[in-house]
Amino acid sequence: MPKDDIIREVYNTLVERKENPSDSYTSKLMQDSDKKAEDKILEKLGEEATEVILASKNSEDLVHESADLIFFILVDLVYKGIPLDDVFDELISRHK
Ligand SMILES: N=c1c2ncn([C@@H]3O[C@H](COP(=O)(O)OP(=O)(O)OP(=O)(O)O)[C@@H](O)[C@H]3O)c2ncn1[C@@H]1O[C@H](COP(=O)(O)O)[C@@H](O)[C@H]1O
């Protein structure tokens with residue numbers, strides 16, 4: 001798979017997990033009762049953002065923590081039904 005495709009690949013897998021729940025981590029994360037699921041996802045988003053800040057300050061694990069943060073952003077987008085292309089279009093609209 002070309003490296004650039006991984007974001008869409010993960011996004012599409014998460015959509016599949018949401019639509020056809022399995023016993024996987026991400027399925028469980030998105031299947032909790034509505035309020036609980038959103039709170040858990042947002043809690044993880046906050047955690048991972050903090051871990052990126054700490055990793056950056058301490059010059060360690062920034063790659064790992066960045067991947068975690070991107071992952072949880074994708075989980076939130078899927079959970080809220082936001083198409084990945086909307087985010088790509090937004091970034092393209094800003095690109096000079
Ligand atoms: N990219 C990821 C990914 N990154 C992190 N994680 C999981 O997210 C969880 C939280 O990450 P943390 O770093 O906080 O690890 P932790 O300390 O175990 O966190 P807790 O969940 O225990 O609080 C861990 O269980 C990680 O395994 C991920 N889980 C899944 N994916 C992608 O999502 C796809 C679907 O995942 P599943 O539905 O679980 O198969 C996979 O094929 C991957 O492409």
Side-chain angles (χ1 to χ4, degrees):
M1 161 181 27
K3 271 187 195 176
D4 296 7
D5 292 354
I6 187 61
I7 297 285
R8 191 178 296 282
E9 192 69 23
V10 172
Y11 181 93
N12 291 341
T13 303
L14 293 171
V15 170
E16 168 62 23
R17 293 286 191 274
K18 184 173 179 224
E19 289 170 356
N20 304 294
S22 67
D23 64 352
S24 77
Y25 173 78
T26 60
S27 266
K28 286 185 194 136
L29 189 58
M30 291 187 276
Q31 290 312 312
D32 287 341
S33 68
D34 271 358
K35 183 94 176 71
K36 206 170 144 228
E38 182 159 23
D39 288 350
K40 174 74 181 164
I41 292 165
L42 296 179
E43 179 193 318
K44 293 304 291 178
L45 259 180
E47 252 178 53
E48 299 304 341
T50 302
E51 286 174 24
V52 165
I53 293 166
L54 294 175
S56 188
K57 278 182 80 68
N58 305 328
S59 304
E60 57 189 35
D61 287 346
L62 188 51
V63 169
H64 175 88
E65 298 307 342
S66 300
D68 275 352
L69 180 58
I70 290 167
F71 167 66
F72 281 103
I73 290 171
L74 292 175
V75 172
D76 192 42
L77 290 171
V78 168
Y79 182 75
K80 302 293 276 184
I82 307 285
L84 181 60
D85 281 315
D86 287 8
V87 178
F88 285 173
D89 290 344
E90 175 65 25
L91 287 169
I92 288 167
S93 75
R94 300 173 184 188
H95 189 61
K96 301 225 173 9

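Atoms within a ligand are numbered from 1 in the order they appear, just like the ligands themselves.
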Trainee: Checking contacts now, so for atom 10 (C) of ligand 1, which I'm interested in, is there any protein heavy atom under 4.0 Å?
Mentor: yes

Trainee: Report yes or no: does Glu48 have a heavy atom closer than 4.0 Å to ligand 1?
Mentor: yes

Trainee: Is the closest protein non-hydrogen atom to atom 41 (C) of ligand 1 under 4.0 Å?
Mentor: no

Trainee: For atom 35 (C) of ligand 1, state which one of Thr13, Leu29, Asp23 supplies the nearest heavy atom.
Mentor: Thr13

Trainee: Can you check atom 6 (N) of ligand 1: any protein non-hydrogen atom closer than 4.0 Å?
Mentor: yes

Trainee: Please state which part of Asp68 comes within less than 4.0 Å of ligand 1, counting heavy atoms only: side chain, backbone, both or neither.
Mentor: side chain

Trainee: At a non-hydrogen distance cut-off of under 4.0 Å, which region of Phe72 contacts ligand 1 (side chain, backbone, both, or neither)?
Mentor: side chain

Trainee: Nearest 0.5 Å please: distance from the CD1 atom of Ile6 over to the OG1 atom of Thr13.
Mentor: 7.5 Å

Trainee: Looking only at N/O atoms, are Ser24 and ligand 1 under 3.5 Å apart anywhere?
Mentor: yes

Trainee: Of all the heavy-atom pairs spanning Tyr79 and Met30, show the shortest one and how long it is.
Mentor: CE1-O, 3.7 Å

Trainee: Do the side chains of Lys44 and Asp76 get close enough for a salt bridge, i.e. N-O under 4.0 angstrom?
Mentor: no

Trainee: Considering only protein heavy atoms, determine whether one is less than 4.0 Å from atom 18 (O) of ligand 1.
Mentor: no

Trainee: For atom 8 (O) of ligand 1, grab the closest protein heavy atom and report residue, atom and distance to one decimal in Å.
Mentor: Tyr25 CE2, 3.4 Å

Trainee: For atom 44 (O) of ligand 1, grab the closest protein heavy atom and report residue, atom and distance to one decimal in Å.
Mentor: Val10 CG2, 3.6 Å

Trainee: Over all heavy atoms of both residues, which pair between Arg17 and Ser22 is shortest? Give the atoms and the distance, please.
Mentor: CD-OG, 3.8 Å

Trainee: Taking all non-hydrogen atoms of both residues into account, name the closest pair between Leu29 and Ile41 and its distance.
Mentor: CG-CG1, 3.9 Å

Trainee: Does the side chain of Pro83 come within less than 4.5 Å of Asp86's, by heavy atoms?
Mentor: yes

Trainee: Atom CD in Gln31, atom OG in Ser24: separation rounded to 0.5 Å?
Mentor: 9.0 Å

Trainee: Is there at least one pair of N or O atoms, one from Glu51 and one from ligand 1, spaced under 3.5 Å apart?
Mentor: no

Trainee: Is the closest protein non-hydrogen atom to atom 33 (O) of ligand 1 under 4.0 Å?
Mentor: yes

Trainee: Any N/O of Lys44 closer than 3.5 Å to an N/O of ligand 1?
Mentor: yes

Trainee: Any protein heavy-atom neighbour for atom 1 (N) of ligand 1 (distance below 4.0 angstrom)?
Mentor: yes

Trainee: Is atom 26 (C) of ligand 1 in close reach of the protein, with a heavy atom under 4.0 Å away?
Mentor: no

Trainee: Starting from atom 29 (N) of ligand 1, find the nearest protein heavy-atom neighbour and note its residue, name and distance.
Mentor: Phe71 CZ, 3.4 Å

Trainee: Assess the residue pair Arg8 and Asp85 against the criterion (side-chain contact (heavy atoms from CB on, under 4.5 Å)); give the C-alpha distance rounded to whole Å, side-chain angles, the decisive distance to 0.1 Å, and a yes or no.
Mentor: CA-CA 9 Å; Arg8 191 178 296 282; Asp85 281 315; 2.8 Å; yes

Trainee: For Val52 and Glu65, work out which heavy atoms get closest and say how close.
Mentor: CG2-O, 3.3 Å

Trainee: Can a donor-acceptor pair be found, under 3.5 Å and without considering hydrogens, that links the side chain of Asn58 to the backbone of Leu54?
Mentor: yes

Trainee: Taking all non-hydrogen atoms of both residues, which atom of Lys28 and which atom of Asp23 are closest, and how far apart?
Mentor: NZ-O, 3.0 Å

Trainee: Under 4.0 Å from atom 22 (O) of ligand 1, can you find at least one protein heavy atom?
Mentor: no

Trainee: For Leu45 and Phe72, which heavy atoms make the closest approach, and how far apart are they?
Mentor: CD2-C, 3.8 Å

Trainee: What protein heavy atom lies closest to atom 37 (P) of ligand 1? Include the residue and the distance to one decimal.
Mentor: Thr26 OG1, 3.4 Å

